[in-house]
Amino acid sequence: MTEVRVRFPPSPTGYLHIGGARTALLNWLWARKNNGKLILRIEDTDADRSTQESIAGIIDGLTWLGLDWDEGPYFQTEFSKDHQQAAQKLLDSGHAYKCFCTREELEKKREAALAAKKDVRYDGTCRHLTPEQIREKEEMGLPSVIRFKVPQKEGVVAYEDKVLGTIERAYSDIEDFVIVRSNGKPLYLLCNVVDDIRDRITHIIRGQDHMTNTSRQVLLYQALGAPIPVFAHMPLTLDLQKKKISKRSHGEIVSVQFYREKGFLPWALCNFLVLLGWNPGTDQEIFSREELIEAFTLERISKVNSVFNYQKGNAKFFTDPKLIAINEHYLRSMEITELAQLVKKELEAEGLWDEAYEGEKQDWFLATIDLIRDRFHTLKDFTTAGRAYFSDDYEIMAKPLKKNILKHPELKTWLPQLGQRLGELESFTEEEVERVSREMAAELGIKPGILINGMRTVLTGQLAGPSMFAVLVALGRETVVRRLRNIDHLYEA
RNA sequence: GUCCCCAUCGUCUAGUCAGGUCCAGGACACCGGCCUUUCACGCCGGCAACACCGGUUCAAAUCCGGUUGGGGACGCCA
């Protein structure tokens, strides 16, 4: 059996977006499943739009996602000789011809056709030029492009698509497309095929937006005498208005970088992305890498475009709710030591990291992040909502301040008192702090919740959180007492 | 205007190829209840879809035709 070889060929004209990441992911899965190879090929033939930052961004993005490749990155521009040779071969074999029509002429014809609501295809003006006419034009110094000579015959060009079945297109519906620019530089359609042949690509997994390219590229494979790879066209990802998601119209929300900055787990993003247009045929939605590689098949890729459910301006669901849910799932269930490494980076970035968290305070650190992760959504929450566990410099949220502190002015004296009692405790355990708290509430003739939620606000700044007695123990006696004693400033504003 | 692809809950989707076990299953979201010191934690429950019309058949989400709707492509971009 021949080796499975797939490729991810981004054009470096912007950051890596989730559509590209999804394409990379499916190719990666297919390579890994078959013990094959994934080739990263940067398609930088559009010199005007390609940038170094973009190349770095794509590589960064893939690396962060954990999508490793086996060959490359190759750069398409390094193989321009191959492309030119292929073009010459097509010219020599009569599969292509020189076309001297100018852009202006073509543009005029296209507009006229569009205005007349007619076909906008190339009319074949230069297809039947005699060798003498060609020589004449060349001697006059007229620039020319090279067009592929689409067979003028009955019937269809067909290919088998792993997800869509047989795709057919009549020869007569395909125009003589340009394969080399007038400046001598070959175009995508040709380069892509030449590179795939050279890289011995066996499966081409790409978006349905390439379907018309595929029909034309099949012609190229045939003319070049190369075997045709297996195609799998995946459905596109659209926005709620059913428009293709793009960097241009959707901005950062579709960039992989955004999710990294927002504290998402890379595998959670992959898990979400793979479910956009693929499913295993079972109810399973959460997969480890190994499970996903095992379960993945080309045939189960959906034919239907999916919607990235993102509503602008929604603070709670700042991206697709399902993505957030999957991220939460991993945040809550992943190995705590693995999570610790990620939280460490977050704390370091905020200047809150303490080396002792990997030394004498390690048990405390692991227990604490395990305690608070249940209500968190992203890694960022550890330094925002969870900041009070690692620093005295945390914000008291307005809502709990009003509801749990200002509403009960007596807390100004009660809380320091409670702090005093907690400080005098012989053993600072959940049972003991609970006993003391409830006893004091009973003495005062108030509901325990007033004291408890007052403490929550003062000690964590948050409206919600884990069991308060567990929180007290996590914070430790010294911190609890210090914070409870110093609350006058809360009443000042 | 031409060509190609597609059509199940709000969203992601199972079921379609091999018609009956589907008055359509799961997940997310939403709503309600429980737990409780709080909560965007957890548990339990609920709402919610086969685009439309015709045909084939004892029987259609499933097969066929049409309609409508959506998407993609129609560059000397990739």
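Below, chain A is the first sequence line, B the second, and so on; all start at residue 1. Quick note: numbers below take in every heavy atom, side chains included, and nothing from hydrogens, waters or symmetry partners.
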Any N/O donor-acceptor pair, Glu285(A) side-chain to G26(B) base, under 3.5 Å: yes
Any donor-acceptor pair under 3.5 Å from Asp44(A) side chain to Gln76(A) backbone: yes
Sugar-phosphate, base or nothing in reach of Lys244(A), heavy atoms under 4.0 Å: sugar-phosphate
Donor-acceptor pair under 3.5 Å, Asn192(A) side chain vs A78(B) base: no
Closest listed nucleotide, where the reference is the side chain of Leu187(A) and the choices are U37(B), C76(B), A73(B): C76(B)
C1' atoms of U16(B) and U21(B), separation to the nearest Å: 16 Å
Check: Thr212(A) side chain, C74(B) base, donor-acceptor under 3.5 Å: no
Sugar-phosphate only, base, or nothing, as touched by Met468(A) at under 4.0 Å among non-hydrogen atoms: base
Distance test, side-chain N/O of Lys303(A) to OP1/OP2 of U16(B), below 4.0 Å: no
Cationic N near anionic O, under 4.0 Å, Glu138(A) to Lys98(A): yes
Sugar-phosphate only, base, or nothing, as touched by Ser306(A) at under 4.0 Å among non-hydrogen atoms: sugar-phosphate
Donor-acceptor pair between Asn27(A) and His203(A) side chains, under 3.5 angstrom: no
Euclidean distance for P, A7(B) against G65(B) (whole angstrom): 14 Å
Base partner of A14(B), which must satisfy Watson-Crick or wobble distances under 3.5 Å: none
Phe148(A) six-ring centre to Arg216(A) NZ/CZ under 6.0 Å and within 45° of normal: no
Separation between the P atoms of C4(B) and A61(B), rounded to whole Å: 29 Å
Asp123(A) side chain to Thr125(A) backbone, donor-acceptor under 3.5 Å: yes
Donor-acceptor pair (no angle test) under 3.5 Å: Lys322(A) side chain, A27(B) base: yes
Sugar-phosphate, base or nothing in reach of Lys185(A), heavy atoms under 4.0 Å: nothing
Under-3.5 Å donor-acceptor pair between Arg121(A) side chain and U2(B) base: no
Touch class at under 4.0 angstrom, heavy-atom based, for Gly207(A) against every strand present: nothing
Polar pair under 3.5 Å, donor/acceptor by atom type, side chain Ser467(A), base U36(B): no
Span that lies between the P atom of C9(B) and that of G70(B), in whole angstrom: 16 Å
Closest to side chain of Arg169(A), choosing from C5(B), C3(B), G26(B): C3(B)
Base paired to A40(B) (Watson-Crick or G-U; both N/O distances under 3.5 angstrom): none
Complementary nucleotide of U57(B), counting Watson-Crick and G-U pairs under 3.5 Å: none
Tyr310(A) and Phe308(A) aromatic ring geometry - parallel, tilted or perpendicular at 30°/60° bounds: tilted
For C35(B), the Watson-Crick or wobble partner whose two distances fall under 3.5 Å: none
C74(B): pairing nucleotide in any strand, Watson-Crick or G-U under 3.5 angstrom: G1(B)
With Asp176(A), the side-chain hydrogen bond (donor to acceptor under 3.5 Å, both in side chains) member among Lys149(A), Arg127(A), Gln152(A), Arg147(A): Arg127(A)
Spacing between Leu323(A) atom CG and A29(B) atom P, to the nearest angstrom: 12 Å
Separation of the P atoms in C44(B) and A27(B), to the nearest angstrom: 10 Å
Complementary nucleotide of C23(B), counting Watson-Crick and G-U pairs under 3.5 Å: none
His377(A), nearest nucleotide to its side chain (from C76(B), A40(B), C41(B)): A40(B)
G10(B) versus C47(B) - spacing of their P atoms, nearest Å: 14 Å
Nucleotide paired to A7(B) in any strand shown, Watson-Crick or G-U, under 3.5 Å: U68(B)
Integer angstrom distance from the P of G25(B) to that of C64(B): 25 Å
